[in-house]
Amino acid sequence: MPSIKCPGCGREYTVEEYEDDRFCRACGRLLTVGRGSGGGGDGWSRLFPYEPYPPQVDFIRDIEETAGRGGVLVAEACNGFGKTISVLSCLLPMGKRILYGTRTHEQVRQVLLELEKINEKSGESYTAVNLASRGHLCVNPECRDLPRNEAQELCNVLRKNEDCPYVSDLDKPPRGLPSILSRDILVKEGRRRQICPYYLARCMMKESRVVVAPYPYIFNPMIRLTTGLDLEGWVLVLDEGHNVDRVGQEILSDTITERGLSAAAEEMRLIGESPRFIERLGEHLLKSDQGKPRLVSAETLQRDLELALGMDVDAFIDGHAVFVDAVRAKKMQGGNPPVSYLNGLLGFFELLQTSVKDKYVGLYTRSYYGAPVMEYRCLDPSLAVVPVVEEASGAIVMSGTLSPLDTFSEIIGLGDAAQRSYPSIQKSKRIRMVVETGVTSAYRERTDEMITRMGEAVSRAVEAVDQGVLIFFTQRGFMNTCLDTWASKGYVKRREGRLYLGGKQLYREGTDAKRNRDVVTRYKRMAVGVGGAVLSCVFRGRNSEGSNFPGDQARGIVLVGVPYANYGDPLIKAQIGYYNGLRRGLGNRWYTMDAYRAANQSLGRGIRGRDDWCHYWLLDRRYEENLHLISLWAQGDGAEVRLSERLSQQTF
């Protein structure tokens with residue numbers, strides 16, 4: 001018989017009591033099911049399915065001492081370190097419930113796969129569920145192929161009118177479900193049982209020891225409220241944590257577009273109401289377009305909008321909120337999805353009205369397609385991060401690229417958190433780095449001579465690697481300029497309609513997702529073959545994060561320049577000014593950190609597992625000045641700095 005007891009107060013329960021309610025009647029903690037009297041208290045080593053390395057043991061001990069006791073740990077460890085398995089193996093036998101935040105479906109898959117390994121090794125049946133979005137879990141053909149907002153609106157109406165064939169109101173968890181509920185299993189079980197997979201996941205969230213959720217579920221307070229995700233009692237794990245500042249800011253920002261205003265005005269006409277105030281906003285947006293980005297304070301933005309409307313923001317919200325339900329009903333009558341652009345516009349104004357003005361700025365700019373837009377941008381990521389961390393019962397922010405830890409922790413509002421950086425578990429002698437100080441991508445020095453010298457260095461680096469090589473450039477325009485110049489100087493050659501660099505076939509990153517997938521597929525096929533291949537990419541682009549190039553797909557990575565953000569961008573200037581206002585010099589440190597974080601992300605494409613390795617070339621003298629900002633796992637036994645003005649003939 002299994003042993004069932006509360007990990008908090010120790011009270012024991014029968015199987016019947018556990019099936020009736022999986023939470024302790026005395027203290028409310030989720031009950032633990034063990035294989036005998038020992039329960040889950042044998043420690044992490046009973047769960048850890050591999051032979052641990054010393055750095056992994058140090059990481060686990062740090063988790064126990066910080067997040068395991070309600071504190072916060074900011075941890076940097078390389079790709080392939082085993083961060084996920086270490087976190088799960090440490091916290092689960094402590095009786096903790098884990099809310100695991102991720103950004104990609106591949107990360108979700110990895111978390112659930114590691115938990116399966118833990119269950120197999122330990123004989124436990126730890127439960128988990130993937131709290132995915134409606135769009136990924138919906139099985140109703142009326143909704144699932146619609147755009148996200150339209151699908152959500154239609155789903156709400158179908159449920160309200162009891163027209164959806166899949167049950168969404170669950171009193172208790174269904175019996176006989178697998179212990180680990182991935183997205184595919186939720187869909188399969190939902191179809192089989194005629195239960196909505198989205199609401200099945202929400203129901204099982206209350207019963208599971210591990211919940212894997214996308215970042216918006218964690219940082220967006222409205223989503224947390226509607227899904228019933230109460231962070232109290234959970235240990236929060238933010239994987240790929242280098243993204244939390246940007247994600248937090250994006251979630252707390254909003255945009256008005258010309259298209260959205262036109263659609264909202266049309267909705268007013270649809271229900272027989274005047275759209276004159278919305279049309280005034282459209283006129284203001286067009287008049288404010290100066291052809292280049294223009295920054296205004298939050299107070300100025302609100303004043304501009306109120307002058308355009310001829311009323312204050314509160315009056316506009318109150319006067320138009322009453323029309324949202326009528327718009328949705330009218331669209332349903334016409335057989336259309338009940339999405340309301342008016343409701344989205346009101347959300348922008350509500351954010352403007354309720355936000356802390358000195359932590360926001362307004363931005364008049366243009367969209368990717370050249371249409372005028374108005375943005376209300378959050379400058380302070382701590383507004384999103386700190387509330388969720390404080391509500392949780394312990395937190396871990398982890399990634400392979402958080403250096404420098406002190407600056408990163410400060411900008412997300414966790415300056416008092418424990419900060420740890422762990423050495424690589426890969427063999428350091430196989431990871432080599434050269435910093436070439438005879439070149440730079442600094443804008444004022446981008447002469448043909450400098451670009452030619454970079455081409456010489458890149459060509460030698462590519463020749464020194466037998467398999468795949470990735471080259472990262474600071475901008476797409478600079479990449480094209482470099483490749484054109486190198487072709488004129490003979491470093492890039494054309495043979496039988498194909499381009500070659502350093503004797504390897506050269507590929508260029510695609511300009512959209514589909515083209516890039518095709519390019520990367522062809523590159524990978526050539527990279528692992530005889531002679532290898534070269535893929536030219538852009539920092540912060542499609543292949544600098546999220547794409548994996550394990551093994552021979554990337555045995556060499558070359559960074560051409562330092563990827564500083566455009567200092568002339570008014571939003572970048574506002575961000576620097578905001579941080580400098582919080583603490584002297586913090587904005588400048590953030591600006592530098594942001595550049596080297598992008599560099600570290602690109603370096604990470606070449607190491608994807610504990611047995612992987614890569615050789616690195618950093619082509620810019622500024623890397624020497626800031627080597628402390630390059631993640632330790634990428635430096636092997638230490639970077640070799642080449643000081644000569646002329647490029648050295650030395651290779652690895």
Side-chain angles (χ1 to χ4, degrees), residues 101 103 133 148-149 152 214-226 238 240-261 263-264 281 284-285 288-289 292-306 313 316-317 341-369 371-389 408 411-413 540 565-566 569-579 581-582 587 590-591 594 597:
R103 290 200 70 206
S133 66
R148 180 174 60 87
N149 289 339
Q152 182 173 334
Y215 273 1
Y217 276 66
I218 296 169
F219 291 120
N220 191 315
M222 186 57 65
I223 293 179
R224 292 203 308 275
L225 179 65
T226 56
L238 297 175
E240 295 298 314
H242 60 276
N243 292 298
V244 299
D245 54 341
R246 294 193 188 98
V247 172
Q249 288 173 298
E250 287 293 333
I251 288 173
L252 297 183
S253 301
D254 206 348
T255 302
I256 289 178
T257 67
E258 184 181 22
R259 177 177 177 272
L261 289 173
L281 291 175
H284 169 71
L285 182 59
S288 301
D289 179 24
K292 61 181 181 179
R294 181 168 64 92
L295 208 66
V296 297
S297 68
E299 292 83 359
T300 299
L301 179 65
Q302 181 167 338
R303 185 179 68 249
D304 288 350
L305 293 174
E306 289 179 340
V313 167
F316 178 77
I317 293 173
Y341 289 92
L342 175 61
N343 191 51
L345 177 61
L346 295 176
F348 180 96
F349 278 93
E350 288 170 358
L351 175 62
L352 178 64
Q353 186 72 345
T354 59
S355 60
V356 181
K357 296 291 193 297
D358 62 356
K359 298 181 183 296
Y360 278 79
V361 291
L363 178 66
Y364 294 99
T365 185
R366 288 184 175 182
S367 70
Y368 176 81
Y369 300 101
V373 297
M374 183 192 314
E375 298 182 0
Y376 191 51
R377 305 289 299 182
C378 175
L379 296 175
D380 193 338
S382 71
L383 295 178
V385 177
V386 172
V388 299
V389 169
F408 175 79
I411 67 169
I412 62 173
R540 301 186 181 89
N566 180 7
D569 185 330
L571 195 56
I572 295 295
K573 287 185 176 179
Q575 191 68 75
I576 294 172
Y578 175 77
Y579 285 138
L582 294 180
W590 167 81
Y591 183 63
D594 180 70
R597 174 169 54 180

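- Scored by the side chain to side chain contact (heavy atoms under 4.5 Å, CB included) test, Ala298 finds Lys357, Tyr360, Tyr376 as partners (sequence neighbours excluded).
- When side chains are defined from C-beta on, Arg224 does not count as touching Ile218, because their heavy atoms never get closer than 4.5 Å.
- With sequence neighbours excluded, the residues satisfying side chain to side chain contact (heavy atoms under 4.5 Å, CB included) with Ser288 are His284, Arg294, Tyr364.
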*Verdict with supporting geometry, Leu281 and Phe349, side-chain contact (heavy atoms from CB on, under 4.5 Å)*: CA-CA 12 Å; Leu281 291 175; Phe349 278 93; 3.8 Å; yes

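- For the pair Cys378 and Leu383, the tightest heavy-atom approach, listed with the atom from each and the gap, is SG-CD1, 3.9 Å.
- Nearest heavy-atom pair, Pro570 versus Pro293, reported as atom, atom and distance to 0.1 Å: CG-CB, 3.6 Å.
- Of the inter-residue distances, the one linking Thr257 atom OG1 with Leu285 atom CG reads 8.0 Å to the nearest 0.5 angstrom.
- Residues satisfying the salt bridge (Lys or Arg N to Asp or Glu O under 4.0 Å) test with Glu240, not counting sequence neighbours, are none.
- Ser367 places a side-chain N or O within donor-acceptor distance of the main-chain N or O of Ala371, the cut-off being under 3.5 Å.
- Residues meeting the salt bridge (Lys or Arg N to Asp or Glu O under 4.0 Å) test with Lys359, sequence neighbours left out: Asp380.
- Thr226 OG1 to Tyr217 OH: the interatomic distance, rounded to the nearest 0.5 Å, is 7.5 Å.
- Residues that satisfy the ring pair (Phe, Tyr, Trp, His ring centres under 6.0 Å) test with Tyr578, not counting sequence neighbours, are absent from this structure.
- Applying the side chain to side chain contact (heavy atoms under 4.5 Å, CB included) rule to Pro387 yields no partners; only residues at least two apart in sequence or on another chain are considered.
- Thr300 is linked by a side-chain hydrogen bond (donor to acceptor under 3.5 Å, both in side chains) to Ser297, counting only residues two or more places apart in sequence or in another chain.
- Put simply, the side chain of Val388 does not reach to within 4.5 Å of the side chain of Leu238, judged on heavy atoms.
- Under the rule for a ring pair (Phe, Tyr, Trp, His ring centres under 6.0 Å), the partners of Phe219 that lie at least two apart in sequence or sit in another chain are Tyr215.
- Within the structure, the side-chain hydrogen bond (donor to acceptor under 3.5 Å, both in side chains) test picks out the following pairs touching residues 245-256 (sequence neighbours left out): Asp245-Arg597, Arg246-Asp594, Gln249-Gln575, Glu250-Arg377.
- Exactly one residue among Thr365, Asp569, Leu363 makes a side chain to side chain contact (heavy atoms under 4.5 Å, CB included) with Leu295. That residue is Leu363.
- Using a 4.5 Å heavy-atom threshold, the side chains of Ile572 and Trp590 count as touching.
- For Phe348, there are no ring pair (Phe, Tyr, Trp, His ring centres under 6.0 Å) partners, not counting sequence neighbours.
- Residues that satisfy the side chain to side chain contact (heavy atoms under 4.5 Å, CB included) test with Arg366, not counting sequence neighbours, are Asp289.
- Applying the ring pair (Phe, Tyr, Trp, His ring centres under 6.0 Å) rule to Tyr591 yields the partners Tyr564, Tyr567; only residues at least two apart in sequence or on another chain are considered.
- The shortest heavy-atom contact between Tyr341 and Ala264 is CB-N, 3.9 Å.
- Between the CD1 atom in Ile317 and the CG atom in Leu345 there is a gap of 9.0 Å [rounded to 0.5 Å].
- How far CG of Leu346 is from CG of Leu351: 12.5 Å, rounded to the nearest 0.5 Å.
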